[in-house]
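Computed from a predicted structure; not experimentally measured.
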There are 2 protein chains.
Amino acid sequence: MNTPIRVVIADDHRLMLDGLKQGLTSLPDIDVVGTAVDGTSLGAVVAHAKPDVLLVDVEMPGMSGLSAISRLKDLPPTIVVTMHTAESYGKSAREAGAVAFLSKGLPLPDLAAAIRAVADGQYLFDQDLDEVLSGYRTPQLSSRAEAITERERDVLRCLVQGISGTEDIADELYISQKTVKNHLASIYEKLSVNDRAQAVVEAMKLGLDRKW
Amino acid sequence: MNTPIRVVIADDHRLMLDGLKQGLTSLPDIDVVGTAVDGTSLGAVVAHAKPDVLLVDVEMPGMSGLSAISRLKDLPPTIVVTMHTAESYGKSAREAGAVAFLSKGLPLPDLAAAIRAVADGQYLFDQDLDEVLSGYRTPQLSSRAEAITERERDVLRCLVQGISGTEDIADELYISQKTVKNHLASIYEKLSVNDRAQAVVEAMKLGLDRKW
DNA sequence: TCATCAATGGGTCGTGCGACCCATAAAGGA
DNA sequence: TCCTTTATGGGTCGCACGACCCATTGATGA
């Protein structure tokens, strides 16, 4: 199972910070491991959380996002975001050590893609963002989840929707009860669980309920 | 069960919009039923989604948030948010028909509290925000969920954590297997389900996994 | 004072569930 | 060509689960 990408977010607007944190954490392959509301505390947070990717707002009171990251040594791959669409900060962001420069006008899934991209070593300064991001749009599911076949997913979806009885699932999918049991047995093995309740928990943790 | 509060959000920054949407939707008592990225489309969205509460950013290109809402008739209780801490827009917001004016520096849980407050008929313009919000901090759980007792929640928490066997739960909580079964039976009745898998699903839908 | 409810516990009964054995048809890659 | 995987199905067995019945303690409130 690919370990999730560890991200630290810095933004002085708590609403933005909390929203991003929530939105990114809900993705199965991204973990928000720390946050900062100003430039001065950022160093300590990064040193402690050891993120794979750093996400910083340019506009911050006191120390700006750019001076904050240029002051860090051992800077992880860093994405700088701004409210302005203008590329005014683009050059300075690069000079400060950032590997990506994005607008806050971007949809959240694109930011997620950008995080995956920079975690993968990409640089994102140019205009053809879409081209680079397209390769990173789908959340990387863990290997265990990938092993779940189409039909097994159907069964799992029934469980997550509250259809838990063998007979109910069989009726829902137009197959025999025995086949349902066979699929469940495969699911249990692949998810390392041993009953329906645990399967539901694992399915939700892996994000299998959100991507279909 | 109290129906969730229906909210429409308008913000030109997609990152903020998507983040807020995600963060608010994850609350058990709030539903985001529509979004707009500019002032012009807001009217149509509100007319279609019929929200209980409207959340609007002041700073938006084209038509500002304020002129957008002042143009609406049948305006639902409206919260205006701004990036600036300054109360510069406060008066204009009131004049435009808003019932609350908040900074984006607010933590997300406070925004959620504010939404509950205005849905309840409160006005939020003054400085003693904390006092008003304090009464709305905890998400209003549905009546069914409220009926779940302390000990039953312990059992439910075990389930959500993947401890599903009767004996395992009994060991975890230092009680007999019989007591576990009794608690489970009560849970099933209160949640209108009939096995552990369905109980897990319901617990997560009601947000019982996030508030303890 | 008395009733109610939460939490703890007992027992019994039937069946649904999970673990194991197996087979067959179709599809797809080596 | 053959082997692997997927989806479909059969059977058996033992135990755990859920549905009922019940009691005792302590707290809380009418």
Side-chain angles (χ1 to χ4, degrees), chain A residues 1 141-206 208 211-212, chain B residues 1 141-206 208 211-212:
Chain A
M1 155 148 164
L141 286 183
S142 72
S143 41
R144 288 190 307 166
E146 290 297 352
I148 305 277
T149 70
E150 191 62 31
R151 211 60 177 140
E152 286 161 2
R153 261 200 293 272
D154 289 338
V155 174
L156 213 33
R157 191 195 309 121
C158 286
L159 285 189
V160 173
Q161 289 174 350
I163 305 171
S164 60
T166 304
E167 190 175 3
D168 299 327
I169 300 174
D171 290 349
E172 180 77 17
L173 301 181
Y174 303 106
I175 53 182
S176 84
Q177 298 192 25
K178 190 63 215 8
T179 305
V180 172
K181 289 187 174 188
N182 285 338
H183 288 319
L184 280 171
S186 305
I187 291 170
Y188 295 161
E189 199 198 342
K190 289 174 182 174
L191 297 183
S192 310
V193 299
N194 40 47
D195 62 39
R196 290 147 144 94
Q198 290 176 20
V200 170
V201 174
E202 280 305 308
M204 293 193 156
K205 273 209 291 202
L206 292 170
L208 286 178
K211 72 156 298 202
W212 58 35
Chain B
M1 153 143 163
L141 288 183
S142 73
S143 41
R144 287 189 307 165
E146 288 297 352
I148 305 276
T149 68
E150 191 60 32
R151 211 59 175 141
E152 286 161 4
R153 263 200 292 272
D154 289 338
V155 174
L156 214 33
R157 191 196 308 121
C158 287
L159 285 189
V160 173
Q161 288 174 351
I163 305 171
S164 60
T166 305
E167 190 175 2
D168 299 327
I169 299 174
D171 290 348
E172 180 76 16
L173 301 181
Y174 302 107
I175 52 182
S176 85
Q177 297 194 26
K178 191 64 213 6
T179 304
V180 172
K181 290 187 174 187
N182 285 339
H183 288 319
L184 280 171
S186 306
I187 291 170
Y188 296 160
E189 200 198 341
K190 289 174 183 174
L191 296 183
S192 310
V193 299
N194 38 48
D195 61 39
R196 290 145 142 96
Q198 290 177 20
V200 170
V201 174
E202 282 304 310
M204 293 193 156
K205 273 210 291 204
L206 292 171
L208 287 178
K211 71 156 299 200
W212 56 35

Would you mind reading off the distance between [X] atom [atom1] and [N] atom [atom2], rounded to a whole angstrom?
X      : N      : atom1 : atom2 : result
B:R153 : C:dA6  : CZ    : P     : 12 Å
A:Q198 : C:dC17 : CD    : C1'   : 13 Å
A:I148 : D:dT5  : CD1   : P     : 16 Å
A:E150 : C:dA27 : CD    : P     : 16 Å
B:R151 : D:dT25 : CZ    : P     : 20 Å
A:L184 : C:dC20 : CG    : C1'   : 16 Å
A:D154 : D:dT6  : CG    : C1'   : 13 Å
B:K190 : C:dC5  : NZ    : C1'   : 9 Å

- What one-letter contact string describes nucleotides 9-17 of chain D from 5' to 3', where B marks a base within less than 4.0 Å of any protein heavy atom, S marks contact via sugar-phosphate atoms alone, and - marks no contact? BBB-----B

- Message: Can you confirm whether B:I175 sits close enough to B:R151 that some side-chain heavy atom of one is under 4.5 Å from a side-chain heavy atom of the other?
- Response: yes

Could you pull out all residues at least two apart from [X] that satisfy side-chain hydrogen bond (donor to acceptor under 3.5 Å, both in side chains)?
X      : answer
A:D171 : none
A:N194 : A:Q198
A:K181 : none
A:S186 : none

- N/O (side chain, A:H183) to phosphate O (OP1/OP2, D:dT8) under 4.0 Å: yes

- For C:dA7, does OP1 or OP2 lie under 4.0 Å from any side-chain N or O of B:T149? yes

- Query: B:E189: what forms a side chain to side chain contact (heavy atoms under 4.5 Å, CB included) with it, not counting sequence neighbours?
  - Reply: none

